[in-house]
Amino acid sequence: MSADGVPTIKRLDEAVVNRIAAGEIIHRPANALKELIENSLDARSTAIQVSVKDGGLKLLQIQDNGHGIKLEDMGIVCERFTTSKLRTFDDLSSMSTYGFRGEALASISHVAHVTITTKTKDSNCAYKASYSDGVIIPAKLGAAAEPKPCAGNNGTQISAEDLFYNVPTRRKALKNATEEYNRILDIVNRYAIHNAGVSFTCRKIGSNTPDVHTTNAASVVDNIRQIYGSSVANELLYVEQSYPVYPLKIKGWISNANYSVKKFAFLLFINHRSVDSPAIRKAIEGVYTAYLPKNTHPWVYLSLELDPRNVDVNVHPTKREVHFMNEEEIIATICDSIQERLGDANVSRNFMTQTLLPQLGQPSKLRPEESSFKKAVPKVYEYNQVRTDSRAQTLDSFLVSQSPYSLSESSTHKRVKLGAGDDMDDTEMDEDESMADVNDGSDSTTSGSLLSKIDQFRNNIAKNVGEAGSNTHGKIVNSSPSSRSGGGDDGTKQRQSTLRTKSTRVEVRLTSVLQLREEVKKQGHPVLTPIFANHTFVGILDNQRGLIQNELALYLVHFEAVSEELFYQICLRDFSNFGFIRLSNPASIKEMVLMALDDEQELMETTEWPTELKSKDEIAKTVTNMLVSRREMLREYFSLCITEDGLVSAIPMMIKGYIPNMEKLPDLLWRLGSEVNWSAEKECFQTLCREIAIFYSTQPERVAEEEQDLDFEEGGDHPTSKSAQSVHDARFQHMISTVIFPALKKHFVPPKTLIERSGVVVQVAQVKDLYKVFERC
């Protein structure tokens, strides 16, 4: 300090500077070993041996079989900022090696006594030199400070003795030798797993058995089993994804939901460099929270390959951390990949159980020969019992005293007579017949609202075809695929189609259809699938929602959205194997499309059709011609029968006993011409199946007249009148409960998108939670 009290700035001695820098890079023996292992890997070594004494403080030695160090380079190999991997600053943007600064050996030489023995494949002998503070020192007092020839194998051996001998405070701060040796083992384990083609060996000096030993031929899983044990290796899932947009490649092995430990084992490599990322660590633990018990953690090994230009490796003295572009997006992508892999493999779970000790009590009165076969049955508490039975009554049986149609109990066939108005004939429906009468409305004009035009598709219910004097006008006939050869225009053949014959199922070998089926399986949700497959139907809430029970939980299901996915899967599953629902009076495609366009115009809230669009007639003709030209394909694959005159004579029978809402037929024909991609096979079948599924999805019929009288043939003690809409709704809900929900249980594979849509499947109650509520009352 000067006389005036102002401190003077002085240049530090170079030895002090180097020692301070060395302390930033070499925190403990494990850091020194990490730098030495990375140098050996940069030298393309295939075998690395590590020897340790007193946790690396007394001796830390590494030997490899890499390309070695040239004799002329040994003079500067331990000087700071001497490297063979970097020439200009711009080289940092494309750095693919582990080392690049040239500080590792220099830092070690400033805090330890370093000895290097190396031999290249072209050299006749090995050379040995000792270093201190970055320069060669004589091996003995009075000898020359230069490398000495000696015997040795190809490669390099580096020994660091008395680590931190000249930094006593650092040496005292380190923990015991056992703790330091465990940190060294952790470094060796990480690089041994990541570098499956390199043999790693780590042992204590004086020990005959290595603590780590891997071979060149071992795979990643073999090394994991060797190091971490079979309990980890047997529960691993392989992850591999590529995302060219970043670009990013993800490879690794993660534990499944059956494995959990108290401490998170996380091995992260970015561009083959062992690093730590608290953000990635926290995000992955968040993914596993939904799968593992509380306060337990997974085992994860991930290798991320990014464009070197997007990674900054020069942000930490020990290269323990790196920064990269698009960090948040990449972390989200990693979590999505792990989530998807865990979801695919989470079909089964293993849980540890403990056998209960038999309770002490009265001696068994069973005979000895019987008692040997008697097993203690653990008590099942009431709140763990599942109250479902296939023979049990549903919720509807408690709310509706009779069938949804309010039919007479005394009638053998349970017929109902529906008065639809003065301009419509009374019809009868026989419940045990698989037939429904529907007027196709082909004679109506295209004026008026869509509802009034399409009313004729639904106002007449089927008569029994075999009944004398029945009116056969406008009926829909269910027929099997074997009746296709009979055509769809002859009324006599339509009546004969009611005679059912067992047809041979067509085996579909189209690659596009098989791929679409496989996509449905892959997109299946692992949690919802068993819920729908094992559910018990409870009841209908309204025209869109129903209740089901699975085990101890009660779920609210939006069956209109679910049925669309159901019919899409049926389209793919029964491709080219549908039955027919035949229209006795075929419907004109042109008129149906005009109806749909009228409805579109009403939605536009305009009085005239937009002039920038083609006229309605031109659009209807185009759609008609398009569907007529493809009628053979539609008939063969989808049982959608279209005549040469542009009339729809039959639609596919997706599920026996289910007839779609015919109000949507105009929209179906219009969308087949406007929404289907006819240019590519796979996209064509996919969009076709989707449009058919939308048409068949559950939707109640609308009734034009608000109130209509419902007269009963029998049963004077029943109500004398009901609204037509309530009757239609009751019939619709009965069809949902008896047709749609059994099909969901038998065939449905719920996709993952269902859980993403709000309100489609909602758990509304749980038996255990209800018991807790009752206990508080």
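Quick caveat: nothing in here was measured; it's all calculated off a predicted structure. Here, residue 1 is the first one in the sequence, and each next residue gets the next number.
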(message) Could you walk me through whether Ser159 and Leu59 satisfy the side-chain contact (heavy atoms from CB on, under 4.5 Å) test, starting with their C-alpha distance in whole Å, then the side-chain angles of each, then the deciding distance to 0.1 Å, before giving a yes or no?
(response) CA-CA 7 Å; Ser159 300; Leu59 173 65; 4.2 Å; yes
(request) Flag this pair as yes if the NZ/CZ of Arg170 is under 6.0 angstrom from the six-membered ring centre of Phe164 and inside a 45 degree cone about the axis; otherwise no. (result) yes
Would you say that [X] contacts [Y] through its side chain, given a criterion of any heavy-atom pair below 4.5 Å between the two side chains?
X: Ile254; Y: Pro298; result: no
X: Asn234; Y: Leu236; result: no
X: Ile205; Y: Val52; result: no
X: Ile280; Y: Leu304; result: yes
X: Cys150; Y: Thr117; result: yes
X: Val300; Y: Leu267; result: no
X: Thr209; Y: Arg203; result: no
X: Val749; Y: Lys521; result: no

Could you pull out the closest heavy-atom pair between [X] and [Y], with the gap in Å?
X: Ala106; Y: His110; value: O-CD2, 2.8 Å
X: Asn310; Y: Pro247; value: ND2-CD, 4.1 Å
X: Ala192; Y: Phe200; value: CA-CD1, 3.6 Å
X: Ile250; Y: Ile334; value: CD1-CG1, 3.8 Å
X: Pro751; Y: His525; value: O-CB, 4.1 Å
X: Val114; Y: Ile158; value: CG1-CG2, 4.2 Å

Is a side-chain donor or acceptor of [X] paired with a backbone partner of [Y] at a separation under 3.5 angstrom?
X: Ser207; Y: Lys204; result: no
X: Asn271; Y: Leu306; result: yes
X: Asn176; Y: Glu179; result: yes
X: Thr333; Y: Glu329; result: yes
X: Ser109; Y: Gly134; result: yes
X: Tyr301; Y: Phe269; result: no
X: Arg28; Y: Leu174; result: no
X: Asp186; Y: Asn182; result: no
X: Asp307; Y: Arg309; result: yes
X: Ser230; Y: Ala233; result: no

Kindly compute the distance separating [atom1] ([X]) from [atom2] ([Y]), expressed to the nearest 0.5 Å.
X: Ile187; Y: Cys202; atom1: CD1; atom2: SG; answer: 11.0 Å
X: Glu35; Y: Ile26; atom1: CD; atom2: CD1; answer: 5.5 Å
X: Arg341; Y: Glu240; atom1: CZ; atom2: CD; answer: 11.5 Å
X: Leu36; Y: Leu41; atom1: CG; atom2: CG; answer: 11.0 Å
X: Ile48; Y: Ser199; atom1: CD1; atom2: OG; answer: 9.0 Å
X: Lys522; Y: Gln515; atom1: NZ; atom2: CD; answer: 9.5 Å

Indicate every side-chain donor-acceptor pair of residues 65-75 with a distance under 3.5 Å to a residue at least two apart or in another chain.
{"residue": "Asn65", "atom": "OD1", "partner": "Thr46", "partner atom": "N", "Å": "2.9"}
{"residue": "Asn65", "atom": "OD1", "partner": "Ala47", "partner atom": "N", "Å": "3.1"}
{"residue": "Asn65", "atom": "ND2", "partner": "Thr46", "partner atom": "OG1", "Å": "2.8"}

Examine the side chains of [X] and [Y] and answer whether a donor and an acceptor come within less than 3.5 Å of each other.
X: Tyr291; Y: Gln339; result: yes
X: His297; Y: Glu285; result: yes
X: Tyr181; Y: Asp211; result: yes
X: Lys119; Y: Asn154; result: yes

(request) Answer yes if the ring centres of Trp253 and Tyr238 are under 6.0 angstrom apart, and no otherwise. (result) yes
(message) Taking the six-membered ring for Trp, are Trp299 and Tyr259 closer than 6.0 Å centroid to centroid?
(response) no
(message) Whether Lys34 and Glu38 form a salt bridge (side-chain N of Lys/Arg under 4.0 Å from carboxylate O of Asp/Glu) is what I want to check.
(response) yes
(request) Dump the intermediate steps for side-chain contact (heavy atoms from CB on, under 4.5 Å) on Cys78 and Ile108, then the final yes or no. (result) CA-CA 9 Å; Cys78 285; Ile108 296 173; over 6 Å; no
Evaluate whether atom [atom1] of [X] has more than 12 neighbouring non-hydrogen atoms of other residues, nucleotides or ligands under 6.0 angstrom away.
X: Arg44; atom1: CZ; value: no
X: Lys53; atom1: NZ; value: no
X: Lys251; atom1: NZ; value: no

Once ring pair (Phe, Tyr, Trp, His ring centres under 6.0 Å) is applied, do any residues pair with [X], and if so which ones, sequence neighbours excluded?
X: Tyr243; result: none
X: Phe266; result: Phe264
X: His113; result: Tyr165

(request) Go through the steps to decide whether Ile227 and Leu185 satisfy the test side-chain contact (heavy atoms from CB on, under 4.5 Å), and finish with yes or no. (result) CA-CA 10 Å; Ile227 296 170; Leu185 287 179; over 6 Å; no
(message) Could you work out, with salt bridge (charged side-chain N to carboxylate O under 4.0 Å, His left out) as the rule, every residue matching Glu340, not counting sequence neighbours?
(response)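 Glu340 satisfies salt bridge (charged side-chain N to carboxylate O under 4.0 Å, His left out) with no residue once adjacent residues are dropped.
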(request) Please say which of Thr156, Asn153, Val50 ends up in a side chain to side chain contact (heavy atoms under 4.5 Å, CB included) with Gln63. (result)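 Of all the options given, the one that passes is Asn153.
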(request) Could you check Ile284 against Ile338 for side-chain contact (heavy atoms from CB on, under 4.5 Å), going step by step and ending with a plain yes or no? (result) CA-CA 8 Å; Ile284 293 177; Ile338 295 177; 3.9 Å; yes
(message) Taking ring pair (Phe, Tyr, Trp, His ring centres under 6.0 Å) as the cut-off, I'd like each qualifying pair that reaches into residues 121-147, sequence neighbours left out, listed once.
(response) none
(message) Run Glu161 and Lys58 through salt bridge (Lys or Arg N to Asp or Glu O under 4.0 Å) and show every step you take.
(response) CA-CA 5 Å; Glu161 299 179 85; Lys58 188 64 175 178; over 6 Å; no
